[in-house]
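All residue numbers refer to positions in the sequence shown, counting from 1. Numbering of ligands and ligand atoms starts at 1, following listing order.
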Amino acid sequence: EKAGYKHFMAKEIAEQPIVLADAIKYYCGGGRINLPEDLEFGALDRLTLVACGTASYACMTAKYWFESLAGLPCEVDIASEFRYREPPMPENSYAMFVSQSGETADTLAALRYARGKVSKIVSIVNVPSSSIARESDIALPILAGVEVGVASTKAFTCQLAVLLLLALKAGHARRRIDDDSLAAHLKSLAALPGLMNQALGREPSIAVMAAAVAEAQDVLFLGRGSMFPLALEGALKLKEISYIHAEGYASGELKHGPIALIDKNVPVVVLAPRDALFDKTVSNMQEVMARHGKVILITDPKGAEEAGLGTWKTLTLPDVPALLAPILYALPAQLLAYHAAVAKGTDVDQPRNLAKSVTVE
Ligand code: F6R
């Protein structure tokens with residue numbers, strides 16, 4: 001069932017262009033986004049997104065989208081904190097729960113907390129028959145197909161795609177996005193699977209980088225804006241399957257503490273497409289290089305040309321609209337963790353101490 005791959009994780013990483021294309025086809029058609037009629041973002045006061053682990057990083061990314069595309073105030077929390085914090089929730093708001101398994105105990109408890117407080121409970125799940133899906137007013141499938149590897153990969157990018165479509169839908173309903181620009185966004189989304197295939201084509205160079213990363217004790221991941229949650233996800237993926245200590249930071253936080261960790265033994269993965277914040281990230285990167293940190297820059301052709309000098313390694317991905325960069329850049333982050341784990345000889349699909357579905361708190 002691994003279809004010739006050495007691990008389920010490798011198969012699931014490689015499947016992403018196909019499952020993402022399926023999800024896009026399911027939700028889009030004729031320049032429109034097809035979501036249940038009763039999802040009404042127009043007059044909503046707030047959105048609260050709750051999840052655990054990788055799914056919570058998908059939510060953090062979505063916050064950037066809901067705020068910038070729809071001007072919709074958006075709160076994100078991890079379920080284990082949310083459920084016990086007694087957070088007030090405006091009546092005219094939606095609560096959204098994101099879960100691959102749909103059985104995560106803390107996320108389910110958070111959903112039950114929100115019930116009766118908000119106008120709608122929406123879930124984004126991979127398993128439509130799951131508890132979280134059943135207890136929601138609306139359950140949106142991510143259509144990733146069965147995910148076997150304990151480390152979430154294709155579910156993450158499909159969660160991001162569905163969340164982006166929701167944010168676009170909200171932007172359109174709130175009159176921030178007109179018909180033409182909605183159609184343009186959907187057109188670039190339809191081209192994303194092709195770009196993902198190109199990114200997967202970089203696997204041999206990523207494997208070489210990963211073999212070097214596998215020697216490290218500690219690794220930092222940096223990103224700014226919507227790439228910040230991906231820095232957290234890249235670090236989580238690396239630590240859970242390769243057992244290398246890794247942390248993700250917002251690039252701008254570097255000088256507020258973590259820069260003290262930098263020396264010649266610390267690889268720093270910088271996730272930085274050539275976007276509006278690129279120069280700021282590059283200056284953070286130079287601070288790392290001045291302290292002999294080993295920068296792995298993941299960027300696009302222009303970014304590589306402008307900032308590729310003096311890095312330890314540079315990986316060039318195809319150009320991608322800024323909105324879609326977190327989805328595309330997830331692939332090298334996953335492959336880096338995967339190949340570091342393979343280089344270390346760990347049990348990639350069944351990492352120690354972890355379970356695929358966390359049904360106890
Ligand atoms: C990391 C990972 C976990 C899950 C988390 C939530 O690779 O898989 O962090 O994302 O346990 O699980 P679900 O999405 O099933 O609620």
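Nearest residue to atom 1 (C) of ligand 1 from Q334, E147, E240 is E240 (criterion: closest heavy atom). Residue nearest to atom 13 (P) of ligand 1, selected from T104, N126, I78: T104 (by heavy-atom distance).
Between F228 and Y249, the gap from one ring centroid to the other reaches at least 6.0 Å.
Crowding of Q198 atom CD: a count of heavy atoms from other residues, nucleotides or ligands under 6.0 Å exceeding 12. Enclosure of atom CZ in R32 is not indicated, since only 12 or fewer non-hydrogen atoms of other residues, nucleotides or ligands lie within 6.0 angstrom. The environment of CG in L354 is crowded: more than 12 heavy-atom neighbours from other residues, nucleotides or ligands sit within 6.0 Å.
The K237 neighbourhood of ligand 1 comprises atoms 1 (C), 7 (O), with distances under 4.0 Å to a heavy atom of that residue. Those atoms of ligand 1 that come under 4.0 Å of a heavy atom in A151, given as number and element, are 7 (O). Residue Q100 approaches ligand 1 through these ligand atoms, each under 4.0 Å from one of its heavy atoms: 13 (P), 14 (O), 15 (O), 16 (O). Atoms of ligand 1 lying under 4.0 Å from any heavy atom of A55, numbered from 1 in the order shown and given with element: 10 (O), 14 (O).
Scanning the protein for heavy atoms near atom 3 (C) of ligand 1, the closest one is T54 N, 4.1 Å. In this structure, atom 11 (O) of ligand 1 lies nearest to the protein heavy atom V358 CG2, 4.2 Å. Scanning the protein for heavy atoms near atom 5 (C) of ligand 1, the closest one is C52 O, 3.7 Å.
Among the atoms of S99, some N or O lies under 3.5 angstrom from an N or O of ligand 1. When only interatomic distances are considered, the shortest N/O to N/O separation between S101 and ligand 1 falls below 3.5 Å.
Using the six-membered ring where Trp is involved, F66 and F41 have ring planes that are tilted, between 30° and 60° apart.
Checked by atom type, the side-chain pair E361/Y84 shows a donor-acceptor distance below 3.5 Å. Looking only at atom types and distance, the side chain of Q100 has no donor-acceptor partner in the side chain of Q159 under 3.5 Å away.
Of the options D77, D106, T107, a side chain to side chain donor-acceptor pair (under 3.5 Å) to R83 is made by D106 and by none of the others.
The shell of residues lying under 4.0 angstrom from ligand 1, judged by heavy atoms, excludes K356. At least one heavy atom of V150 sits closer than 4.0 Å to an atom of ligand 1. Remark: distances from the non-hydrogen atoms of S357 to ligand 1 are all 4.0 Å or more.
D22 places no side-chain N or O within 3.5 Å of a backbone atom of A144 that could act as its donor or acceptor partner.
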